[in-house]
Amino acid sequence: MSTSKYIDDAREIFAANGDYSNLSDKDVYVPSIQVDRTNVYFISHANNEKKLVVFENGNTIGDFDAEETEVAGAGKTLVVAPLTKANNDAIAKRFQWVKPISRHGYKYTFGLGDRLGNASNAHLRLFKGRGIFPILGQQSIRELLLTDRTELDVVTSAAWAIFEEGYTTGWGADGDHVKEPYEVEYAVESGCTMITLDATKKIHNEIADLSDEELDAKFNALDDDYVKYFNDTYLDKTFDLGDGAEVHFTKKDVEQSVLIFFDAVLYGEFIYHRFIEPNNLDFEISMDETIVPTTPANHYFFANELHEKGITPETLAPKFYGEFQKAIDYIGDLDRFEREYKIHQAISKHFGYRVSIHSGSDKLSVYPIVHKLDDGTGWHVKTAGTNWLEAMRVIAKHDPELMKEMYSYAYNHLQDVKPFYVFTADKDNSPKPETINDSNVMSLLSDDNPRQIIHTMYGNLLTYQESFRYVFRDRFFKVLTDHQDQYDDYLNRHISEHIDLLQGKAASRDEVRAKYEPK
Ligand SMILES: O=C(O)[C@@H](O)[C@H](O)[C@H](O)C(=O)CO
């Protein structure tokens, strides 16, 4: 597109005085238009390519890394620029809402992990006006490792979607499941405003297997001052959480909580003072991927010990009773989940933070309970894989042959991902690749077993090469690019199922499935 056309666009936008309903250049992406005094900014979609267009005073425009520049007269200069990190930094100097901010004070926040870097626009169109703060940039170190992406890729692609959609009410970026100090520092340096510290390495699950005698001996082998402090503080104590909720500590509760979790408390304290406090970040502590469920006593102990150290996280992710496996609904007794979630929520409310629900993708049977129990304390829910699966739905619809090839690879190489994820799907309960055809390929996404196989094998599928060339990746992204509207629609429908239930706009999984599931 010539720069003179963009100059005409900018002048037409300025003259339109906010009514952009009938612009002559249909490549101008209207939600991205920003007018600041006599300066005009927007994203153009000309030739199926996204470019930043800036029409600004010539003496201020120099910080953009321009592909094309034209002096437009009357002191104005036009710049056409690529959607790079440097240009995002420059546009964010004009519009600070482009960069991520803290979740602090928001009651309802939702993690929208986008493993591909092309889902955020659809997410933002859905979240506009919903009253839920989007954590648009959310990838774990594991996801980055498996997809060959960087934290900067994640934060930058989300930040460009924010500008493109004109989403001015704030968003967050979560350095998710970071375990080591260097991983925390990497996430902070990449611009994350939230750190989810995965304390798994400091949570000593093996303690849960000790006999009462072994447990007691190990606890009493601690220094006398610790034994005295913990017994004086917790032993045979009942803590009132209000609204009839309480937590009681037996001898076993005290000894297990200390020996399983206190190391993680001290680690959380170190990370907090080293990274969180100095950078004013949102702090989440996750224990959702440990082996033992987090009992109410464990949770209260962890929260109280942090409280004693003057630390209040923004959110904390217990490991709930039951199973929150990837890409499928909750597995477990919902009545028991409800009883225990109520206590976990009461503990979080008591100490001034919110409960975080990880692996929130597809847990539709749980969300009516979360909504029902919400007393204004709020929640944080994390999703990621379910967005990847909606991309695979586009592939199944528009290139069933590619879908069959990707499923066959995932099916035959499932053992490669076992070190990274816990799931029950196995090949014996999944359709054999040779039985998949154009008429049943879409069913791979509705049957739990192949769904989990396709979900967990995302990294292997995106990076697999033969003869130094990607086998699936390039074809995969071309289909998505050619059918972005379809992808956006699938994402909108699928995440709507989650947030309608969480916000009480629907009462059951069946209701949202009937309303939103693609026919
Ligand atoms: O797959 C991952 O590593 C992440 O999506 C991680 O599980 C995340 O914390 C999550 O719970 C998303 O649902």
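Atom set for the values below is all heavy atoms of this structure, side chains included, hydrogens, waters and symmetry mates excluded. Atoms within each ligand, like the ligands themselves, are counted from 1 in listed order.
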Q: Just to confirm my output: which protein heavy-atom neighbour is closest to atom 1 (O) of ligand 1, and how far is it?
A: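 Answer for atom 1 (O) of ligand 1: Y421 OH, 2.6 Å.
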Q: With nothing but distance in play, are any N or O atoms of S361 less than 3.5 Å from an N or O of ligand 1?
A: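 No, no N or O pair falls under 3.5 Å.
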Q: Counting heavy atoms not belonging to K397, are there more than 12 under 6.0 Å from its NZ?
A: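 No, NZ of K397 has 12 or fewer neighbouring heavy atoms, counting only those of other groups under 6.0 Å.
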Q: Out of curiosity, is G360 lining ligand 1, as in a heavy atom under 4.0 Å away?
A: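 Yes, G360 has heavy atoms under 4.0 Å from ligand 1.
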Q: Could you check atom 5 (O) of ligand 1 against the protein and tell me its nearest heavy-atom contact, residue, atom and distance included?
A: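 The answer is E143 OE2, 2.9 Å.
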Q: Is it the side chain (CB and beyond), the backbone, both or neither of E284 that lies under 4.0 Å from ligand 1, heavy atoms counted?
A: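 Under 4.0 Å from ligand 1, E284 contributes no heavy atoms.
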Q: Heavy atom of F324 under 4.0 Å from ligand 1?
A: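 Outside the 4.0 Å threshold, so no.
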Q: Taking both backbone and side-chain atoms of Q138, is any N or O found less than 3.5 Å from an N or O belonging to ligand 1?
A: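 So ligand 1 has no N or O lying under 3.5 Å from an N or O of Q138.
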Q: Among all the protein's non-hydrogen atoms, which is closest to atom 7 (O) of ligand 1, and how far away is it?
A: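 Among all protein heavy atoms, the one nearest atom 7 (O) of ligand 1 is K326 NZ, 2.3 Å.
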Q: Please answer whether the main-chain N or O of D174 pairs with a side-chain N or O of T193 as donor and acceptor at a distance below 3.5 Å.
A: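 Between the backbone of D174 and the side chain of T193 there is no qualifying donor-acceptor contact (under 3.5 Å).
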Q: Identify the heavy atoms of V155 and A173 that sit nearest to each other, and give their distance.
A: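 Minimum heavy-atom separation between V155 and A173: CG2-CB, 4.1 Å.
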Q: Is there a donor-acceptor pair under 3.5 Å between the side chain of H380 and the backbone N or O of S356?
A: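 Side chain of H380 to backbone of S356, a donor-acceptor pair under 3.5 Å: no, none is there.
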Q: Applying ring-ring contact (aromatic ring centres under 6.0 Å, His included) as the test, list every pair that has at least one member in residues 123-156; sequence neighbours left out.
A: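 ring-ring contact (aromatic ring centres under 6.0 Å, His included) check on residues 123-156 returns Y106-F133, F110-F127.
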Q: Between R142 and ligand 1, which part of the residue brings a heavy atom under 4.0 Å of the ligand: side chain, backbone, both or neither?
A: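 The answer is the side chain.
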Q: Can you confirm, on distance only, whether ligand 1 has an N/O atom lying under 3.5 Å from any N/O atom belonging to Y458?
A: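 No, there is no polar N/O contact under 3.5 Å.
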Q: State the atoms of ligand 1, each with its element, that fall below the 4.0 Å cut-off from a heavy-atom position in H358.
A: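 Under 4.0 Å from H358, ligand 1 has these atoms: 9 (O), 11 (O).
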Q: For K404, does the NZ atom sit with more than 12 other heavy atoms under 6.0 Å from it, leaving out its own atoms?
A: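 Atom NZ in K404 is crowded, with more than 12 foreign heavy atoms closer than 6.0 Å.
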Q: Mind checking whether S140 contacts ligand 1 via backbone (N, CA, C, O), side chain (CB onward), both or neither, at a 4.0 Å heavy-atom cut-off?
A: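 Only the side chain of S140 comes within reach of ligand 1.
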Q: For Q139, is the nearest heavy atom under 4.0 Å from an atom of ligand 1?
A: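 False for this residue.
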Q: Identify the closest protein heavy atom to atom 11 (O) of ligand 1: which residue and atom is it, and at what distance?
A: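 Answer, as residue, atom name and distance: S359 N, 2.6 Å.
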Q: Of T383, D176, I357, L145, which has the heavy atom at the shortest distance from atom 12 (C) of ligand 1?
A: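 Closest candidate by heavy-atom distance is T383.
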Q: Taking only heavy atoms of A384, which atoms of ligand 1 are found under 4.0 Å from at least one of them?
A: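 Here the atoms of ligand 1 in question are 5 (O), 12 (C), 13 (O).
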Q: Given K363, K382, H455, which has its nearest heavy atom closest to atom 13 (O) of ligand 1?
A: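 Considering heavy atoms of K363, K382, H455, the nearest to atom 13 (O) of ligand 1 sits in K382.
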Q: Decide, yes or no, whether a salt bridge links R103 with D282 under the criterion of side-chain N to carboxylate O below 4.0 Å.
A: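 Looking at R103 and D282, the cut-off is met.
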Q: Grab the two heavy atoms, one from G170 and one from P134, that are nearest each other, plus how far apart they are.
A: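 What the structure gives for the nearest pair is O-CD, 3.6 Å.
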Q: Do other residues, nucleotides or ligands put more than 12 heavy atoms under 6.0 Å from the CD1 atom of I331?
A: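 Yes, enclosed.
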Q: Say whether G113 and ligand 1 are in contact under the criterion: heavy-atom distance to a ligand atom below 4.0 Å.
A: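 Not so, G113 does not reach ligand 1.
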Q: Taking atom NE2 as the centre, does H307 end up with more than 12 heavy-atom neighbours from other residues, nucleotides or ligands that are less than 6.0 angstrom away?
A: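 No, not enclosed.
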Q: For F423, does the six-membered ring have the charged nitrogen or CZ of K326 within the cation-pi criterion, i.e. under 6.0 angstrom from the centroid and within 45° of the normal?
A: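 Output no; distance or angle outside limits.
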